[in-house]
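Single-structure report; data block below.
Just follow the structure's listing: the first ligand is 1, and inside any ligand the first atom is 1.
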Amino acid sequence: MIRKYGISILLLVFPIFSYCQENKQEKMVQTAQSITESEILEYANRLTSEEFNGRLSGSPGYMKSAQWVASKFEEWGIKPMGDNGSYLQYFDNAYTQVFDCGSVNYQFKDETGKITEKEYRFPEEYYPGQNSGSGTIEGDLVYVGFGITAPELGYDDYAGIDVKDKILVFESGLPVNGNIPEIEKWVPYDYHQYKFKNAIAHGAKGWLYINKLANPNTSYNKNIVYVHIGEEVANDMFTASGKNYKEIRERIVVDLKPNSFALKGRATIKANTQRFEDSKSCNVIGLIEGTDPELKDEVIIIGAHHDGVGNLGKLLPGALDNASGVVDIMAAARILAQSPVKPKRSILFIMFGGEECGLLGSTFYVNNPKFPKEKVVCMINLDMVGNGTGLALWGGDSYPEISKHFTDANSNYIKRTMKTSEARTVKTRPRTDGAVFTMDGYKSFAIGTTNGVKPVYYHHPLDNVDALTPDIMVDVARMIYFGLLGVENN
Ligand SMILES: [Zn+2]
């Protein structure tokens, strides 16, 4: 009797269970399908618009853009988790407004006495310094290799060379390979801010930094005027001095021996900027609370940097870097908020500010977290996720219990090619918000896109919506939805 009763319960329950599962899946698929390319493009167009002026962290354009993202969170019923009941978590973020692209001019006299003058072009040959002082400087040129003084490493690019009141020419990066065992000792010398301070300490009045892109992650000094130049410009100066630029640079790296010298000719650099020392920027933070009374204290953080590099006399729209990551998360956030299937654990969305200025927003967050670290299941970062036909989980293999929900999401619903990798231990300087979380002891991995089909215009005026492939962004947002619900309800 009892046995018979048991069997009939089983017969009764099993079909209902599988019917519910099917029904749940159907609802999720329907919800995911509500994300379209036109939604993706609507957000991407807005973020990259003139109105937000390239979203330089701390600037009025950035703050307007942050308000706009917050207004969308509010519209979707996502809970504010910033300061004083708002979505915005403020932090200090000084910035420099560049009003126009300025100019760079190089003059030299050859053996016959003939004077050649070159005027360089933005953005093909140079970029204005994003933390340059305002004004004009003119002077003799000195090449100082990598601009590093590291006595404990037996290396000094400034040894025995007079650079007082000179305009310097130097390299970004390190004269050593990132895989050498003693790389950690070199890391402090890899920062642009270090190199700039070192140049000032040696008495330079400005410089041509061989690192041709827009970059606000440098240091400001009102008396210093500088620009970023391409190798072709360095080449001109070396050739005029009877030297081969590429050979000399390479020899410094191979021999790990400085080779600094005066270059022939003079340079004139003009910059038109204004410094805002006391400005603040913000992260935009929203929460979808879990439905399980116990599990809702646990949280998954998903984040993307929302700031760009601004406007240098030309708008740098920052579409792939990183409106793409923000848009992917916004579309996923909308459907997660509206989903008929609810997460048991909580989801915290963070659109970071200040990434381009030196990972300021993510660093501020890890020092002022909204959930205790031990309650965070993992942090997922998206940076430049919107160009290609394939998906990736960089670092996902290190946390298979989490990443499997995303690979499952892909194989069950999305069906794109997908790459995965182990997390790398960060030995060089951190370059993403995800790395900031990893270094602080969080489990963290990144969602990416692969098989790029559009040219990548990194920190360039052409990084606009045309640089995006919206169909992959639709799928990234859908994968986030299925993947997060998988982890959340596991
Ligand atoms: Zn980026």
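Checked against the 6.0 Å centroid threshold, Tyr106 and Tyr120 do not count as a close aromatic pair. Here His459 and Tyr127 keep their ring centres 6.0 angstrom or further from each other. Ring centers of Phe170 and Tyr143: at least 6.0 Å apart, outside the cut-off. Checked against the 6.0 Å centroid threshold, Tyr226 and Phe196 count as a close aromatic pair.
Minimum-distance N/O/S atom of Asp383 relative to the Zn ion (ligand 1): OD1.
Contact annotation: Asp321 places an N, O or S atom under 2.8 Å from the Zn ion (ligand 1). Between the Zn ion (ligand 1) and Glu356 there is no N/O/S contact shorter than 2.8 Å.
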